[in-house]
Amino acid sequence: MASIRNDWTQEEVKEIYNTPLMELIYRAATVHREFHETGEVQVCTLLSIKTGGCSEDCAYCPQSARYNTGVDSQKMMPKDMILAAAERAKDAGSTRFCMGAAWRSARQNKDFDQVLDLVSDIADMGLEVCATLGMLTDDQAKKLKEAGLYAYNHNLDSSEDFYKKIITTRTYDDRLDTIKKVQENEISVCSGGIIGMGETHEDRMGLLHTLCTLDIHPESVPVNALIAVPGTPMEDQPKVPSWDMARMIATARILMPASMVRLSAGRVRMNFEEQALCFMAGANSIFTGEKLLTTDNNELDEDMHMFELFGLKPREAYKNAKEEHIPAAVAK
Ligand code: SAM
Ligand code: DTB
Ligand code: SF4
């Protein structure tokens, strides 16, 4: 039985990542079956509750105010619209609802109070509530926990070295600091990254090494393929091969056996065969719904058809919180 380790060396990560792909997928599938029920996939839905106009310069992001991407700065979405979207997501079979805001750091004003209200209303619907609001103070993390937030998404995106090349307005340590505050307040962490931004294989390994040596592994690890949005500095990046997604997912699965590994952005450009490879490699979570934050996602009908074809079934809400092999601090 594989064990949950936080002391992986860079050499070990490299050895796993460089395993021939078919062997790597076999090894990851074996670990996957030890820690998770086969064929069970977590279904999550995103909603951008505050879109665009962000002060940060993340080179991949259509919501940065610095690039002309056609995504305009909007005010926070009204509460009733957000609650209606959460209801729709639940009716469509989602068990996790994630609210995203294009903020450098969570606000200290009525918008944040509204997020707290929303968190508690949506948790009352029986959905796992996640939010991604940028950097947090300890006090904000505490308030989110009290309101019933289950998870907080804060991606490390890439290796520390490559991070400096894609974002200049904050540091890797800022990211790690927010992750720490979230974990200290016993909110589960969702943290992963993006491939296809021009990074090297070493950068991808570096990201995975940082994630798997955190004191507590992220409860979920989103693996995104860059969506090259026209107007961003990354508009001309080529499509990520599905082999690379599968390799990243399989390595994450082996390094963080109990975590949910999410086949995230980029799924819209994958056919069923490519997605099947990623599920074989240990992915057990996806985003459904017509949009991610600002870009198009897969059609719901298609996703349902895929679940049927592959014999996949949706994972129940709060299952991670109940499972014994999850460290107590994450399970709360
Ligand atoms: N502003 C907050 C933050 O940066 O944490 C929350 C929202 S931000 C859009 C959430 C995540 O979306 C980013 O960390 C990044 O990993 C992902 N993302 C943004 N644009 C993307 C793109 N074009 N392709 C793939 N992932 C993207
Ligand atoms: C994550 O890792 N990917 C999601 C979610 N966490 C917040 C966001 C993907 C965004 C893709 C570009 C867009 O739709 O704006
Ligand atoms: Fe802003 Fe987040 Fe986009 Fe960066 S990734 S520009 S912080 S919304």
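In this chain, numbering begins with 1 at the start of the sequence shown. Each ligand, and each atom within it, is numbered from 1 in the order the structure gives.
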Taking [Y]'s backbone N and O only, do any of them form a donor-acceptor pair with [X]'s side chain (distance below 3.5 Å, no angle check)?
| X | Y | result |
| --- | --- | --- |
| Q183 | I216 | yes |
| E202 | K14 | no |
| T69 | P62 | yes |
| R175 | T171 | no |
| N297 | F287 | yes |
| D203 | S158 | no |

Salt bridge flag under 4.0 Å for residues [X] and [Y]:
| X | Y | result |
| --- | --- | --- |
| E34 | R253 | no |
| E186 | K145 | no |
| D113 | K143 | no |
| E274 | R269 | no |
| D111 | K75 | no |
| E37 | K319 | yes |

Out of V229, L292, L46, who is nearest to atom 7 (C) of ligand 2 when you count heavy atoms only? L46
Any heavy atom of H154 under 4.0 Å from ligand 3? The part involved is neither
Heavy-atom contact under 4.0 Å between G100 and ligand 2? no
Atoms of the protein (N/O/S only) found under 2.8 Å from atom 4 (Fe) of ligand 3: C58 SG
Geometry only, no angles: is Q63 polar-contacting ligand 2 at N/O separations under 3.5 Å? no
Min N/O separation N224 to ligand 2 under 3.5 Å: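 Yes, since at least one N or O of N224 sits under 3.5 Å from an N or O of ligand 2.
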Under 3.5 Å, is there a donor-acceptor pair linking the side chains of D138 and N185? yes
Can you find a side-chain donor-acceptor pair between D57 and T169 that sits under 3.5 Å? yes
Under 4.0 Å from atom 6 (S) of ligand 3, do we find at least one protein heavy atom?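 Yes, at least one protein heavy atom sits under 4.0 Å from atom 6 (S) of ligand 3.
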Any idea which atoms of ligand 2 are less than 4.0 Å away from a heavy-atom of [X]?
| X | result |
| --- | --- |
| L293 | 8 (C), 13 (C), 14 (O), 15 (O) |
| N153 | 6 (N), 7 (C) |
| T294 | 13 (C), 14 (O), 15 (O) |
| P62 | 15 (O) |
| P222 | 2 (O) |

Within 4.0 Å of some non-hydrogen atom of Y60, the atoms of ligand 3 are 5 (S)
Does the Lys NZ or Arg CZ of R96 fall within the cation-pi geometry relative to Y150 - under 6.0 Å from the ring centre and within 45° of the axis? no
Using a 4.0 Å heavy-atom cut-off, say whether C61 meets ligand 2 through its side chain, its backbone, both or neither.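 None of C61 does.
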Please report the shortest heavy-atom distance between L24 and Y17, naming the atom on each side. CD2-O, 4.2 Å
Distances for all N or O pairs of ligand 1 and the protein under 3.5 Å?
from, atom 1, to, atom 2, distance (Å)
ligand 1, 1 (N), A101, O, 3.3
ligand 1, 1 (N), W103, O, 3.1
ligand 1, 5 (O), R175, NH1, 3.4
ligand 1, 5 (O), R175, NH2, 2.9
ligand 1, 16 (O), N155, ND2, 2.9
ligand 1, 16 (O), D157, OD1, 2.8
ligand 1, 23 (N), Y60, O, 3.0
ligand 1, 23 (N), I227, O, 2.9
ligand 1, 24 (N), I227, N, 3.0

What residue and heavy atom of the protein are closest to atom 12 (C) of ligand 2, and at what distance? T295 OG1, 3.7 Å
